[in-house]
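Letters A, B, ... are given to chains in the order of the sequence lines, protein chains preceding strands, and every chain is numbered from 1.
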Number of protein chains: 2
Amino acid sequence: MSSELPDKKRISESTIHRLSMYFRTLSLLQKEGYETVSSKELAKREKLTPAQVRKDLSFFGSFGTRGLGYDVVELKAKIGEILGIDRHWKVAVIGIGNIGSALVSYKEFSRQGFHIEKLFDNDQRKIGSNHKGIVVSDIKNLEKEIAEDGIEMVIITVPATVAQYMVDDVVRAGVKAILNFAPINLKVPSHVYLRNENMSMELEYLSFAIVNNHTPKNMK
Amino acid sequence: MSSELPDKKRISESTIHRLSMYFRTLSLLQKEGYETVSSKELAKREKLTPAQVRKDLSFFGSFGTRGLGYDVVELKAKIGEILGIDRHWKVAVIGIGNIGSALVSYKEFSRQGFHIEKLFDNDQRKIGSNHKGIVVSDIKNLEKEIAEDGIEMVIITVPATVAQYMVDDVVRAGVKAILNFAPINLKVPSHVYLRNENMSMELEYLSFAIVNNHTPKNMK
DNA sequence: TTATTCATGTGAAATGCTTCACAAGAAATT
DNA sequence: AATTTCTTGTGAAGCATTTCACATGAATAA
């Protein structure tokens with residue numbers, strides 16, 4: 001169960017996030033009919049330096065051609081592979097409230113290989129109802145159904161007060177990663193990956209910027 | 001129109017994001033009945049080092065008492081002031097689709113001082129309809145109504161293909177900051193702040209972590 | 001009152017990330 | 001075929017962030 005990376009350099013969070021950005025932009029470049037793209041062009045679109053783009057890629061190999069740049073289709077495939085989005089991820093959403101049900105229809109997820117295949121809620125009025133072809137299950141069966149269906153990732157959009165219970169359940173069911181929208185710091189065992197999505201954080205950054213007349217180098 | 005910070009140190013994005021985290025945790029500590037909190041306790045809850053917490057705060061002043069820690073209520077107020085969330089921000093949401101309408105009911109926003117007061121869409125079936133007491137306006141009147149109502153921040157949840165037009169309109173109307181959910185790199189003049197919210201990015205990070213057996217220092 | 005404990009605030013050191021600058025290699029041009 | 005142009009890949013330098021370590025000062029206990 002060792003790393004897939006031949007040389008175990010520690011890749012920074014920023015690098016991974018930029019790979020996501022490159023992937024998205026490469027899809028666009030492909031649509032626009034580009035066959036190749038230089039680090040300069042890619043950097044311009046992301047408001048980065050060309051060196052940054054090349055360095056990010058260099059952690060994983062050499063994908064370009066000197067004097068020419070990168071083959072758009074090839075680089076996109078390669079980054080998809082690195083990010084692990086070149087396959088079908090089985091995802092469940094727990095908590096079919098406002099945000100939860102919005103995520104069911106969020107196209108970007110399926111576009112990147114994340115397929116929502118299970119929905120859970122504790123509200124009797126919601127259980128059994130149909131969202132985009134998926135029937136909402138009773139949260140009582142959470143652990144059992146997650147395990148049976150081999151769900152690998154879970155998105156949590158329940159109130160903060162109950163989020164930890166959901167986590168404990170899905171961890172027992174064997175999920176590998178959790179994306180948490182609830183405003184609370186959750187505990188997971190070390191073999192499970194956890195990320196928090198906090199949408200007000202970005203608004204708070206904007207608020208700070210306005211109030212302090214902030215001029216960051218990198219208003220990404 | 002100069003900065004509010006007496007000494008114009010450049011504050012990093014990470015520091016601002018951590019202040020948001022501290023703010024939220026301080027609210028919780030307050031509910032739990034804590035009167036004071038140490039950098040050690042705060043760090044433990046955020047999975048950071050105590051030195052990190054103290055250094056973050058030190059950029060803005062000295063708010064603690066040696067031997068005792070920080071007064072919870074006082075520190076929360078101070079951070080709120082730094083972030084500029086100690087006031088009422090007028091926000092509009094443009095694009096009342098799945099995500100847009102979910103955000104209208106998102107409690108964390110109002111809890112941090114962000115009040116959604118205007119909704120816009122181009123769909124005749126949505127225009128005039130009521131969401132949480134707010135009537136959806138026709139996007140044709142975007143610039144005029146934003147300016148008249150003195151909206152300062154805008155959240156964009158329209159399709160990528162039309163997002164730039166919305167931006168151009170609201171920039172003319174005088175908004176100061178934009179939070180963009182559309183999967184596209186938008187252009188804004190330098191006096192307008194822009195942040196992008198990309199929800200699949202975090203799933204992609206999780207995907208990368210699983211596939212590469214990644215062990216980052218800081219799985220925040 | 002004095003001693004002890006505790007926890008802040010902060011220069012300095014350590015670590016991490018980004019940018020520079022250039023050798024090397026591929027394509028295009030003459 | 002030789003030359004020029006272009007752009008990658010990458011050590012090294014530069015810059016930024018985090019952590020260390022300790023002097024300082026407040027509160028508590030003796």
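What separates CD of A/E46 from P of C/dT18 is a distance of 14 Å, to the nearest Å. A straight line from CG of B/L57 to P of C/dG9 spans 7 Å, rounded to a whole angstrom. Going from atom CG of A/L42 over to atom P of D/dT7 covers 13 Å, rounded to whole Å. Rounded to whole angstrom, the span from the CZ atom of A/F63 across to the P atom of C/dA26 amounts to 17 Å. For the pair A/Q52 CD and D/dC15 P, the interatomic distance rounds to 16 Å; values are reported in whole Å. What separates CD1 of B/I16 from C1' of D/dT18 is a distance of 16 Å, to the nearest Å. Remark: C1' of C/dT18 and NE2 of A/H17 are 18 Å apart, rounded to the nearest angstrom. Taking atom CG of residue B/D56 and atom P of nucleotide D/dT17, one finds them 11 Å apart after rounding to whole Å.
The minimum heavy-atom distance linking A/V192 with A/V175 is given by the pair CG2-O, 3.7 Å. The minimum heavy-atom distance between B/V188 and B/V167, with the atom names listed, is CG1-CG1, 3.6 Å.
For the OP1/OP2 pair of D/dT18 and a distance below 4.0 Å, the side-chain nitrogens and oxygens of B/R18 include at least one atom meeting the criterion. B/Y70 has no side-chain polar atom (N or O) that falls below the 4.0 Å cut-off from OP1 or OP2 of C/dC6. Phosphate contact (OP1/OP2 of D/dT8, side-chain N/O of A/S39, threshold under 4.0 Å): present.
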Checklist outcome for this item: Letter by letter from the 5' end, nucleotides 20-30 of chain D scores (B base, S sugar-phosphate only, - none; protein heavy atoms under 4.0 Å) BB-BBBB----
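Closest to the side chain of B/S38, from the set D/dT18, C/dT18, C/dA7, is C/dA7.
A/R111 pairs by the side-chain contact (heavy atoms from CB on, under 4.5 Å) definition with A/K107, A/E108, not counting sequence neighbours. Shown here are the salt bridge (charged side-chain N to carboxylate O under 4.0 Å, His left out) partners of A/K55, two or more places apart in sequence or in another chain: there are none.
A heavy atom lying under 4.0 Å from DNA chain D marks none of the residues of residues 23-34 of chain A.
B/R195 and B/E13 are joined by a salt bridge, as a carboxylate oxygen and a charged side-chain nitrogen come within less than 4.0 angstrom of each other. Looking at A/K78 and A/E74, no side-chain N of the basic residue comes within less than 4.0 Å of a carboxylate O on the acidic one, giving no salt bridge. Here A/E117 does not pair with A/K132 in a salt bridge; the nearest charged N to carboxylate O distance is not below 4.0 Å.
Counting only residues at least two apart or on different chains, the side-chain hydrogen bond (donor to acceptor under 3.5 Å, both in side chains) pairs with a member in residues 170-184 of chain A are A/E143-A/R172, A/D169-A/R172, A/N180-A/N196.
Contacts of B/T15 with the nucleic acid, taken as non-hydrogen atoms under 4.0 Å apart, are absent.
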Side-chain donor-acceptor pairs under 3.5 Å in residues 151-162 of chain B, sequence neighbours left out?
{"unit_1": "B/E152", "atom_1": "OE1", "unit_2": "B/K90", "atom_2": "N", "d": "3.3"}
{"unit_1": "B/T157", "atom_1": "OG1", "unit_2": "B/I94", "atom_2": "O", "d": "3.1"}
{"unit_1": "B/T157", "atom_1": "OG1", "unit_2": "B/G95", "atom_2": "O", "d": "2.6"}

